[in-house]
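Structure, as structure tokens:
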There are 2 protein chains.
Amino acid sequence: MPLPQTEIPGRLQTQLAERGIRMTGPRRAILSVIETASKHLDASQILRKARNVDASVDRSTVYRTLDLLKRQGLIDELDLMHLNGEGHYYERKLGRDHIHMACLRCGKITEFVSKTFEALKKQLERDCQFHIVVARLEVGGYCSACRH
Amino acid sequence: MPLPQTEIPGRLQTQLAERGIRMTGPRRAILSVIETASKHLDASQILRKARNVDASVDRSTVYRTLDLLKRQGLIDELDLMHLNGEGHYYERKLGRDHIHMACLRCGKITEFVSKTFEALKKQLERDCQFHIVVARLEVGGYCSACRH
DNA sequence: TTCGTAGTTGCGACTCAGTTGCAACAAGGA
DNA sequence: TCCTTGTTGCAACTGAGTCGCAACTACGAA
Ligand SMILES: [Mn+2]
Ligand SMILES: [Mn+2]
Ligand SMILES: [Zn+2]
Ligand SMILES: [Zn+2]
């Protein structure tokens with residue numbers, strides 16, 4: 001259920017370098033925050049943490065870097081059922097996709113990797129002639145501790 | 001692929017009445033817009049159309065009614081990959097869930113009903129002890145006309 | 001039918017997420 | 001070292017959604 005978190009820190013920087021994308025101080029700070037995050041972060045949390053590394057980082061730079069990483073397919077954007085405001089959450093995109101379940105009572109986020117989900121994506125690509133770039137399955141409901 | 005749109009107009013009103021929820025002019029206007037929509041609408045589109053029925057309808061009433069319908073489980077909220085701004089889209093919730101695919105090039109939205117999706121939800125409920133209230137699978141990629 | 005109450009409304013002001021134009025700056029190849 | 005082009009901070013902006021409030025109204029009780 002928890003993500004396989006066995007990547008070498010600094011990998012995101014490498015992936016951008018391989019694509020000929022410039023590296024800068026603020027960018028490095030933001031990437032390191034995303035890379036070492038232990039949970040899903042929103043833009044303002046990323047800003048706050050990035051400022052601990054490079055105090056000059058601006059809000060707009062965070063959004064511009066998130067856009068870059070989305071375009072490069074290196075991060076995923078999530079709603080997490082908008083349990084807490086209208087913002088979005090971000091996480092490193094690793095090998096296999098996973099499903100997010102958000103408990104509407106306690107707010108707990110559960111992640112789940114499923115073979116059936118992979119099969120479903122294959123079915124979509126085949127039956128709908130659709131080339132999938134990103135697939136987001138987000139579920140709202142009640143976790144085992146909160147179900148009634 | 002297209003939604004089964006064979007509901008009697010006025011059904012949403014009936015469903016709210018059954019739950020002892022008050023009916024008003026503005027509310028009726030908004031419900032009729034949602035009920036007769038042929039595509040996914042955002043809040044400002046719903047407002048514009050509702051004003052054709054009842055010119056006094058306010059933006060805040062649209063949001064309050066959308067919240068009501070979400071809480072009652074009568075509509076679903078979608079991102080549609082935020083292809084066009086940061087807003088959300090709404091649609092009537094009918095019997096079976098469906099998947100939304102958004103083409104990142106032409107913007108076309110394709111809907112798809114899948115037995116595998118139903119199986120996946122059952123698997124989640126069983127394996128994660130999670131009681132699902134709402135499940136949203138949104139996919140971004142390239143449709144058959146745009147794939148390269 | 002009238003009445004009372006609790007739910008609903010429009011309004012306007014507000015918050016918050018995200019964007020943009022711009023001038024200064026700096027990465028990194030030549 | 002220089003040049004080009006991409007990146008940055010800043011400040012002002014947009015657009016989505018929220019909220020407090022006073023006026024209003026749906027609808028059940030009397
Ligand atoms: Mn995750
Ligand atoms: Mn969203
Ligand atoms: Zn819970
Ligand atoms: Zn297309």
Side-chain angles (χ1 to χ4, degrees), chain A residues 12-34 40-51 53-72 75 77-90, chain B residues 12-34 40-51 53-72 75 77-90:
Chain A
L12 266 181
Q13 281 96 313
T14 309
Q15 286 171 294
L16 289 181
E18 282 166 5
R19 297 165 196 209
I21 288 163
R22 253 178 226 188
M23 196 44 52
T24 66
R27 202 166 267 183
R28 242 186 304 271
I30 294 164
L31 298 182
S32 75
V33 168
I34 293 171
H40 308 96
L41 301 175
D42 65 25
S44 69
Q45 292 170 320
I46 293 171
L47 174 62
R48 195 156 7 88
K49 284 169 184 283
R51 278 184 163 158
V53 182
D54 176 343
S56 74
V57 181
D58 189 72
R59 204 159 48 95
S60 61
T61 303
V62 170
Y63 284 112
R64 288 192 274 234
T65 305
L66 290 172
D67 281 345
L68 172 69
L69 294 170
K70 274 190 275 178
R71 284 195 312 272
Q72 295 293 324
I75 58 171
E77 184 177 60
L78 306 169
D79 269 28
L80 301 182
M81 288 294 138
H82 289 304
L83 287 186
N84 196 21
E86 290 295 314
H88 292 109
Y89 294 86
Y90 301 90
Chain B
L12 268 180
Q13 282 96 312
T14 308
Q15 286 171 296
L16 289 181
E18 282 166 5
R19 296 164 198 211
I21 290 163
R22 256 181 226 189
M23 195 46 51
T24 66
R27 202 165 268 182
R28 242 186 304 270
I30 294 164
L31 298 182
S32 75
V33 168
I34 293 171
H40 308 95
L41 301 175
D42 65 25
S44 69
Q45 292 170 322
I46 293 171
L47 174 61
R48 194 157 6 90
K49 284 169 184 283
R51 279 184 164 158
V53 182
D54 176 343
S56 73
V57 181
D58 189 72
R59 203 159 48 95
S60 60
T61 303
V62 170
Y63 284 111
R64 288 192 273 233
T65 304
L66 290 172
D67 282 346
L68 172 68
L69 294 170
K70 274 190 276 177
R71 284 195 312 273
Q72 295 294 324
I75 59 171
E77 183 178 58
L78 305 169
D79 269 29
L80 300 183
M81 286 295 137
H82 289 304
L83 287 186
N84 195 21
E86 290 293 315
H88 293 109
Y89 295 86
Y90 300 91

Handout entry: Five-pair end axes of the helix from dT1(C)-dA30(D) to dA30(C)-dT1(D) and the angle they enclose, rounded to 10°
Key = 40°
Problem - Contact under 4.0 Å: His88(A) side-chain N or O vs dA17(C) OP1/OP2 - result: no
Practice task
Whole angstrom is fine here: how far is it from NZ in Lys70(B) over to P in dG17(D)?
Solution key: 8 Å
Exercise for the section: Whole angstrom is fine here: how far is it from CD in Gln45(B) over to P in dG17(D)? Expected result: 12 Å
Handout entry: Heavy-atom side-chain contact between Thr65(A) and Ile46(A) under 4.5 Å
Key = no
Handout entry: Distance, rounded to the nearest Å, where Leu68(A) contributes CG and dT19(C) contributes C1'
Key = 16 Å
Practice task
Just call it for Arg27(B): base, sugar-phosphate, or nothing, with non-hydrogen atoms closer than 4.0 Å on any strand.
Solution key: sugar-phosphate
Exercise for the section: Report the distance from atom CG of Asp67(A) to atom C1' of dG6(D), rounded to the nearest whole Å. Expected result: 15 Å
Practice task
Test Asn84(B) against Asp42(B) for side chain to side chain contact (heavy atoms under 4.5 Å, CB included), laying out the working first.
Solution key: CA-CA 10 Å; Asn84(B) 195 21; Asp42(B) 65 25; over 6 Å; no
Handout entry: Spacing of Arg59(A) atom CZ relative to dT20(C) atom C1', expressed in whole Å
Key = 12 Å
Exercise for the section: For Lys70(A), look at atom NZ and say whether over 12 heavy atoms of other residues, nucleotides or ligands are found less than 6.0 Å away. Expected result: yes
Fill in the blank from the handout: Here the distance between atom C1' of dG17(D) and atom CG of Asp79(A), to the nearest Å, is 14 Å
Exercise for the section: Measure the NE2-OH distance between His40(A) and Tyr90(A) for me, rounded to the nearest 0.5 Å. Expected result: 13.0 Å
Exercise for the section: Give a yes or no on whether the backbone of Leu47(A) and the side-chain of Arg59(A) come within a donor-acceptor separation of less than 3.5 Å. Expected result: no
Completion exercise
When rounded to whole Å, the CD to C1' distance for the pair Glu86(A) and dA16(D) reads 7 Å
Exercise for the section: Would you indicate what Arg64(B) reaches in the nucleic acid, counting non-hydrogen atoms under 4.0 angstrom: base, sugar-phosphate, or nothing? Expected result: base
Problem - Tyr63(B) vs dG17(D): side-chain N/O to OP1/OP2 distance below 4.0 Å - result: yes
Problem - Upstream residue (5' side of DNA chain C) when Arg51(B) and Ser44(A) are each assigned their closest nucleotide - result: Arg51(B)
Problem - Closest to the Met23(B) side chain, choosing from dG28(C), dT19(C), dC27(D) - result: dC27(D)
Exercise for the section: Could you point out which residue of Val33(B), Val57(B), Ile34(B), Ile30(B) forms a side-chain contact (heavy atoms from CB on, under 4.5 Å) with Lys49(B)? Expected result: Val33(B)
Completion exercise
Here the distance between atom P of dC3(D) and atom CZ of Arg22(A), to the nearest Å, is 16 Å
Completion exercise
Note: for Asp58(B) and Ile21(B) on DNA chain D, the residue whose nearest nucleotide lies more 5' is Asp58(B)
Exercise for the section: Taking the side chain as every heavy atom from C-beta outward, state whether Asp79(A) and His88(B) have any pair of such atoms under 4.5 Å apart. Expected result: yes
Exercise for the section: Establish, with yes or no, whether the OP1 or OP2 oxygen of dG10(C) is under 4.0 angstrom from a side-chain nitrogen or oxygen of Ser56(B). Expected result: yes
Exercise for the section: By nearest nucleotide on DNA chain D, pick out whichever of Asp42(B) and Thr24(A) is the more 5' one. Expected result: Thr24(A)
